[in-house]
Amino acid sequence: MAQLNLSEPFAPTGNRININWGSTSASIAIDTSLAIAWLQLEGAIAVRHIIEVSDAELSHPDFTDGMDTIWDMRQADLRAVTPDAMLEILRRVKPRHSRLAKRAAFLVDSDLQFGIIRMWQVYGQDVPQDREIFRDSDDALKWLIESR
């Protein structure tokens, strides 16, 4: 396994999947040397976007079941991710829990994003996944690597 080098920015290489829904977009990239999927969302996010990004991650040619994942929400508008939306997301991903990340790091840059993702942690507490929230990508990577 590759060593984490925090002196260089994390930039997954290899196959990248881009999804565009008009003013909302997502990018899925996987760093195979670190075995980490990087999901980056931009724009106004709704339930369908999160489900489609999750589906794209699972179908990515470099993805392996249980792979650690970073959800980069720093450019995402999460105001539409209400408690009801969170329950809908949980209901729709439940059949795939065994394939999803065992550890997920969420990157945010606002208090609103932090609060919404914190609610996600609470609503999803029955999902067998460790989740942490970060404002810095180096801290997120360090947590994922060191918690292995």
Side-chain angles (χ1 to χ4, degrees), residues 4 9-32 34-148:
L4 179 61
F10 178 66
T13 58
N15 296 320
R16 182 177 296 273
I17 297 173
N18 295 303
I19 305 170
N20 193 321
W21 302 277
S23 62
T24 300
S25 63
S27 175
I28 297 103
I30 294 182
D31 185 311
T32 55
L34 293 174
I36 294 175
W38 184 286
L39 315 178
Q40 188 173 21
L41 288 84
E42 297 182 13
I45 303 302
V47 169
R48 74 180 185 99
H49 301 128
I50 293 170
I51 298 301
E52 288 179 32
V53 168
S54 179
D55 288 344
E57 176 191 23
L58 296 178
S59 66
H60 192 288
D62 297 328
F63 179 80
T64 57
D65 289 358
M67 180 177 276
D68 292 340
T69 300
I70 294 175
W71 285 83
D72 187 346
M73 307 299 238
R74 293 176 291 184
Q75 301 299 314
D77 176 353
L78 301 176
R79 289 178 287 181
V81 183
T82 63
D84 286 340
M86 289 179 200
L87 293 172
E88 176 65 12
I89 293 165
L90 286 168
R91 184 188 66 73
R92 291 176 65 183
V93 300
K94 186 175 184 175
R96 304 177 263 187
H97 282 177
S98 64
R99 296 200 59 211
L100 297 175
K102 301 304 177 223
R103 282 180 302 277
F106 291 86
L107 284 174
V108 301
D109 69 357
S110 74
D111 291 341
L112 176 63
Q113 290 170 333
F114 187 95
I116 290 170
I117 298 301
R118 178 65 187 111
M119 285 176 31
W120 174 251
Q121 283 181 306
V122 172
Y123 275 84
Q125 64 188 350
D126 294 333
V127 175
Q129 180 186 68
D130 292 331
R131 290 177 220 83
E132 293 294 334
I133 307 168
F134 300 91
R135 293 183 187 257
D136 181 84
S137 60
D138 289 344
D139 292 339
L141 279 168
K142 187 175 178 182
W143 175 73
L144 287 173
I145 299 297
E146 291 180 354
S147 64
R148 290 185 173 164

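Because the structure is a prediction, the values reported are computed rather than measured.
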Using side-chain contact (heavy atoms from CB on, under 4.5 Å), reason through Ile145 and Ile36 one step at a time and then give a plain yes or no. CA-CA 9 Å; Ile145 299 297; Ile36 294 175; 4.0 Å; yes
Run the side-chain contact (heavy atoms from CB on, under 4.5 Å) test on Trp120 and Ile89 for me, step by step, so that the C-alpha distance in whole Å, both residues' side-chain angles and the decisive distance to 0.1 Å come before the verdict. CA-CA 10 Å; Trp120 174 251; Ile89 293 165; 3.4 Å; yes
Does Val93 form a side-chain contact (heavy atoms from CB on, under 4.5 Å) with Ile50? I'd like the steps, not just the answer. CA-CA 10 Å; Val93 300; Ile50 293 170; over 6 Å; no
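Between Ser54 and Trp71, the shortest heavy-atom distance links the atoms N-CH2, 4.4 Å. Between Glu57 and Ala37, the closest heavy-atom pair is OE2-CB, 3.4 Å. Of all heavy-atom pairs between Leu78 and Ile116, the closest is O-CD1, 3.3 Å. Closest approach of Ser147 to Trp143, counting heavy atoms only: OG-O, 2.7 Å. Nearest heavy-atom pair across Arg131 and Gln121 is O-NE2, 2.7 Å. Taking all atoms of both residues into account, the shortest heavy-atom contact from Arg135 to Leu107 is C-CD2, 4.4 Å.
Using a 4.0 Å cut-off between a side-chain N of Lys or Arg and a carboxylate O of Asp or Glu, Asp136 and Arg74 do not qualify as a salt bridge. A salt bridge links Asp68 to Arg103: at least one charged side-chain nitrogen sits closer than 4.0 Å to a carboxylate oxygen.
The backbone N or O of Ala26 lies less than 3.5 Å from no partner atom in the side chain of His49, so there is not a single donor-acceptor pair. With hydrogens and angles ignored, the 3.5 Å screen pairs a side-chain donor or acceptor of Gln113 with a backbone N or O of Met73. Between the side chain of Thr69 and the backbone N or O of Met67 there is at least one donor-acceptor pair closer than 3.5 Å. With Thr24 contributing its side chain and Gly43 its backbone, the two residues share no donor-acceptor pair below 3.5 Å. Of the possible donor and acceptor atoms, one in the side chain of Asp77 sits under 3.5 Å from a partner among the backbone N and O of Arg79. Without hydrogens or angle criteria, Arg92 side chain to Ile51 main chain gives no donor-acceptor distance under 3.5 Å.
Taking the side chain as every heavy atom from C-beta outward, Asp72 and Trp38 approach each other to under 4.5 Å. In this structure the side chain of Asn18 never reaches within 4.5 angstrom of the side chain of Asn20, judged on heavy atoms. Contact check for Met86 versus Val81: side-chain heavy atoms found under the 4.5 Å cut-off.
Atoms OH and CG, on Tyr123 and Asp84 in that order, are 7.5 Å from each other to the nearest 0.5 Å. Atoms CG and CZ, from Leu58 and Arg99 in turn, are 4.5 Å apart once rounded to the nearest 0.5 Å. Atom CD in Glu88 sits 10.0 Å away from atom OG1 in Thr82 (nearest 0.5 Å). Considering CD of Gln125 and CG of Leu90, their distance stands at 10.5 Å, rounded to 0.5 Å. The CG atom of Asp62 lies 5.0 Å from the CG atom of Asn15; values are rounded to the nearest 0.5 Å. The CG atom of Leu144 lies 9.5 Å from the CG atom of Leu34; values are rounded to the nearest 0.5 Å.
Residue Lys94 places its NZ atom among 12 or fewer non-hydrogen atoms of other residues, nucleotides or ligands, all under 6.0 Å distant.
When each of Glu42, Gln40, Arg16 is tested with Ser27 by the rule side chain to side chain donor-acceptor pair (under 3.5 Å), just one qualifies, namely Arg16.
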